[in-house]
There are 2 protein chains.
Amino acid sequence: MTAEIPPALPLRERKKLRTRQTLVATALELFGAHGFDGVTLDGLCEAAEVSKRTFFRYFASKEDVAMAPTQDLWAAFLDLLETGPAAGPAPRPAGGQPGGRPGAQPEGRPLLGLFEDCLAGAIGRMPAGGWTGRVLASRRLAARTPSMDAHGLAFCDRTIRAALVVLDHRLALDGPGRLRARLALDMLVSAFRQALDAWVAQPSGHTPEDLTRRLRAVMAELPHAVAAKAEPRA
Amino acid sequence: MTAEIPPALPLRERKKLRTRQTLVATALELFGAHGFDGVTLDGLCEAAEVSKRTFFRYFASKEDVAMAPTQDLWAAFLDLLETGPAAGPAPRPAGGQPGGRPGAQPEGRPLLGLFEDCLAGAIGRMPAGGWTGRVLASRRLAARTPSMDAHGLAFCDRTIRAALVVLDHRLALDGPGRLRARLALDMLVSAFRQALDAWVAQPSGHTPEDLTRRLRAVMAELPHAVAAKAEPRA
DNA sequence: AGGCTTGTGCCACTCAGTGGCACATTGACG
DNA sequence: CGTCAATGTGCCACTGAGTGGCACAAGCCT
């Protein structure tokens, strides 16, 4: 229905996967039709044919189910950050996912570039069928639902902390290094949110590639943002 | 009790002010003693001697009352940004609040420097009696209360949007300029959160001046964060 | 004093989220 | 193949946040 159902899993797992997907799909559909607050959990559960108790075994909150697409993305980001190329110079893999093996050069590559590639790679990993549609629905919803936005921000924050832990394992971070890594991660999130907002706002052509392009474009603005001057109004 | 009660206000206003202060003080006290989730609104209202209905005329949510100190700070920031020096070169006013009058130089001062001074000025404006204690209590609470943290993030986000509107009025922002301003504001918030975390974590000496010093120190790290390289672990 | 405005208290209500228990399905093992 | 343990699910009752409505009282104006 929504994404691939990895075949030949313990069967019990397949059921869980399907239930989860049904929940997400139904939720986005109902929320889109009646607004986030216009749908009660009872209504959603009835539509998805599960009990409310079951719903909360899959998602921690009503907001959670609507943000599943974003959470999938950041989970993939964390995975890439953990298993992908740590710090090779990698002047940018040109094509798609970063595939270079972990290098060990004394002078590593730029941190921001590493983050950017991992996130771009995560975007490329998202299931082709329907993911873009789900993010789109999810973000449009979040734009007019404060509580969803708040949970989204909080989730990004948690992701950043997790990423910091990963970095601590893979990189040599001294005091200032840790602070800088934290700031750089915040910048990544900030840039991604800008890119995502612009991507959602565009009238058509919502492809993952386009999102990636926008991300890279905003990331390239970061140095200019640091150096920007305030030009008073004429 | 907590801050100055501006004398000779319409009297009606003074009562409101006092009610609000009582609510904040009682809330922080109870939350500190029993934890955020360990206190019900009914209990809080009883302790503060107001009805629950009244509580919600002052604060939008349970989280809101616990974050009053932070909200006061950002309100002051917005005010300074709106009424303070717009974009004069002002290589840094050395002393305290930025006092220079709005200039109209063709090449303005750095955006980040402007933000930094406004926020530092806002810190300086906070009521001397008890404000630091309240932020301290508030932040320590937020650190172990996810929902508070989420609301805090969301509030910062709203503040940034408001700041962008102000900047639009005062500065000449073209397309890339707007994006850069947005990114720079995110950087300010990110830097402030780092500074605040470190400030809260320190064992003693929680003065506003110290917080300001930390803010400036983290802000100075921003350019290094952009340029940071990933040093692989040995 | 009169009336007008504005903040407050009380009450009943909706709905998100939780805990407990009984039941059904799955998978493993004898 | 039958049985048992594990695990997922449904149902139910409950707490607690947040809202709407209305009547009352305290401040303000003339």
Side-chain angles (χ1 to χ4, degrees), chain A residues 5-24 26-27 30-31 34-68 141 145-152 154-155, chain B residues 5-24 26-27 30-31 34-68 141 145-152 154-155:
Chain A
I5 12 93
L9 266 192
L11 169 62
R12 207 168 205 167
E13 300 302 310
R14 261 180 293 166
K15 266 193 157 181
K16 293 211 297 183
L17 257 279
R18 184 156 23 222
T19 305
R20 190 193 156 87
Q21 288 180 358
T22 306
L23 239 15
V24 173
T26 313
L30 287 183
F31 291 163
H34 311 112
F36 186 79
D37 293 324
V39 180
T40 68
L41 268 184
D42 295 298
L44 169 58
C45 289
E46 190 176 0
E49 294 180 307
V50 274
S51 78
K52 198 168 56 162
R53 203 67 193 80
T54 298
F55 174 91
F56 281 105
R57 290 203 186 83
Y58 284 90
F59 302 97
S61 71
K62 193 182 170 189
E63 289 82 13
D64 225 32
V65 67
M67 306 210 318
L141 214 47
T145 311
S147 73
M148 266 189 69
D149 221 34
H151 275 71
F155 174 74
Chain B
I5 12 92
L9 266 191
L11 169 62
R12 207 170 206 167
E13 301 301 311
R14 260 180 295 165
K15 268 194 155 181
K16 292 211 297 182
L17 258 277
R18 185 158 20 223
T19 305
R20 190 193 157 86
Q21 288 179 358
T22 306
L23 238 15
V24 172
T26 313
L30 287 183
F31 290 162
H34 310 114
F36 185 78
D37 294 322
V39 180
T40 69
L41 268 182
D42 295 299
L44 168 58
C45 289
E46 189 177 0
E49 293 180 307
V50 273
S51 77
K52 197 167 57 160
R53 202 68 193 79
T54 298
F55 174 91
F56 281 105
R57 290 205 186 83
Y58 284 90
F59 302 97
S61 70
K62 193 182 171 190
E63 288 83 12
D64 225 32
V65 68
M67 307 211 313
L141 214 46
T145 311
S147 74
M148 265 188 70
D149 220 36
H151 276 71
F155 174 75

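Within every chain, numbering begins at 1; the chains are lettered A, B, ... in the order of the sequence lines, protein sequences first and strands thereafter.
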Could you check how far [atom1] of [X] sits from [atom2] of [N], rounded to whole Å?
X: A:Lys16; N: C:dT26; atom1: NZ; atom2: C1'; result: 12 Å
X: B:Arg14; N: D:dG27; atom1: CZ; atom2: C1'; result: 12 Å
X: B:Arg18; N: D:dA26; atom1: CZ; atom2: C1'; result: 15 Å
X: A:Lys15; N: D:dT9; atom1: NZ; atom2: C1'; result: 10 Å

Heavy-atom side-chain proximity of B:Tyr58 to B:Val24 below 4.5 angstrom: no
My understanding is that only residues two or more places apart in sequence, or in another chain, count here; which of them pass side chain to side chain contact (heavy atoms under 4.5 Å, CB included) with A:Ala150? B:Ala154
Taking only residues two or more places apart in sequence or in another chain, which ones pass ring-ring contact (aromatic ring centres under 6.0 Å, His included) with B:Phe59? B:Phe55
Sequence-distant partners of A:Phe36, ring-ring contact (aromatic ring centres under 6.0 Å, His included), two or more places apart: A:Phe31
Just to verify, what does [X] make a side chain to side chain donor-acceptor pair (under 3.5 Å) with, not counting sequence neighbours?
X: B:Asp149; value: none
X: B:Thr26; value: none
X: B:Ser61; value: B:Glu63

Taking distance alone, no hydrogens or angles, what donor-acceptor pairs closer than 3.5 Å link side-chain atoms of residues 46-54 of chain B to residues at least two apart or in another chain?
{"from": "B:Ser51", "atom 1": "OG", "to": "B:Arg53", "atom 2": "N", "distance (Å)": "3.4"}
{"from": "B:Ser51", "atom 1": "OG", "to": "B:Thr54", "atom 2": "N", "distance (Å)": "3.2"}
{"from": "B:Ser51", "atom 1": "OG", "to": "B:Thr54", "atom 2": "OG1", "distance (Å)": "3.2"}

Rounded to the nearest 0.5 Å, how far apart are CZ of B:Arg18 and CZ of B:Arg14? 7.5 Å
To the nearest 0.5 Å, what is the distance between NZ (A:Lys62) and CE (A:Met67)? 14.0 Å
Do any of residues 40-49 of chain B sit with a heavy atom less than 4.0 Å from DNA chain D, and if so which? B:Thr40, B:Leu41
Reading 5' to 3' and counting Watson-Crick or G-U wobble pairs with both distances under 3.5 Å, write the dot-bracket notation for DNA chain C, | for bases paired outside the strand. |.|.||||||||||||||||||||||||||
Contact list please: residues 52-67 of chain B against DNA chain C, heavy atoms, distance less than 4.0 Å, in numerical order. B:Arg53, B:Thr54, B:Arg57, B:Tyr58
